[in-house]
Amino acid sequence: MDWADIFIYDTTWMFAVEILIRVIVMFVLIISFLRFTGKRGVRQLSIFELTIILSLGSIAGDPMFTEDLPIIQAVLIMSTVILLYRLCTWAMMKSSRVENFLEGKSLYIVEEGMLVLDKIKKGKMSHDEFFSEMRQQGVEHLGQVRTGLLETDGNFSILLYSPEKTRYGLPLFPKQYQALEQIEPETYYACMHCGQVEHLSDPDQLCKRCEDISKRWAKALNSEIVR
Ligand SMILES: [Zn+2]
């Protein structure tokens, strides 16, 4: 094994200087092209935007250090990608069908303090994902949530019940989100699969709403949200 081969190989001082210039030029180009997307910044990306960033990223790296790759080719490719991006955003503004195809639709996850049934039945998402989102917004149980919407960029928007309208709901924090073995009378329990709340006569009762076979119930909470 030759250490000089690993670290230097055939790099000359001349090529080192060329790399320096290539990196500076590409750096300026990348910033300019990203400004052309018209976006102000990046927090969460939709799949469509991620595609753009990934393709720009792989185009941008190679010309920085590849000797026989002229920068003009990278400029051509990046221009084409940005042009396609602008074309797609324009088409999305004109047609909601194009928008749904490229960005996906926002999905209702919670309605009236319960999880939306057909969404959880299709198994499109795990409880964990949006439970954590709701916890981070200070929600303790589903009875505090009137509406929960999963946005196309992965953000989670929620509308809360006013404090006096808070109802019993499924707890979202791990210590309370526990299946019970024993039940007490006159107590509300929440189905751990769909959030349905009812009195129980038997800990193995089938949930009338989702009819999920796991039959797991947690003690429902009705605390008001504290902000
Ligand atoms: Zn249920």
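If you're wondering where the values come from, they're calculated on a predicted model, not measured in any experiment. Read the numbers this way: they start at 1 and go in the same order the structure lists the ligands and their atoms.
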Verify the cluster assignment for Leu180 and Tyr188: are they in a single hydrophobic cluster under the rule of side-chain heavy atoms below 4.5 Å apart?
no
Quick one: give me the number of protein N/O/S atoms under 2.8 Å from the Zn ion (ligand 1).
4
With a 3.5 Å distance limit and no angle check, can you tell me whether Arg22 reaches the backbone of Val17 through a side-chain donor-acceptor pair?
no
Side-chain donor or acceptor of Ser95 paired with backbone N/O of Met92 under 3.5 Å:
no
Any residue meeting ring pair (Phe, Tyr, Trp, His ring centres under 6.0 Å) with Tyr85, in chain and number order, not counting sequence neighbours
Phe48
Sidechain N-carboxylate O distance under 4.0 Å for Glu198, Lys208
yes
Counting neighbours of CZ on Phe36 that are heavy atoms of other residues, nucleotides or ligands and sit closer than 6.0 Å, is the number greater than 12?
no
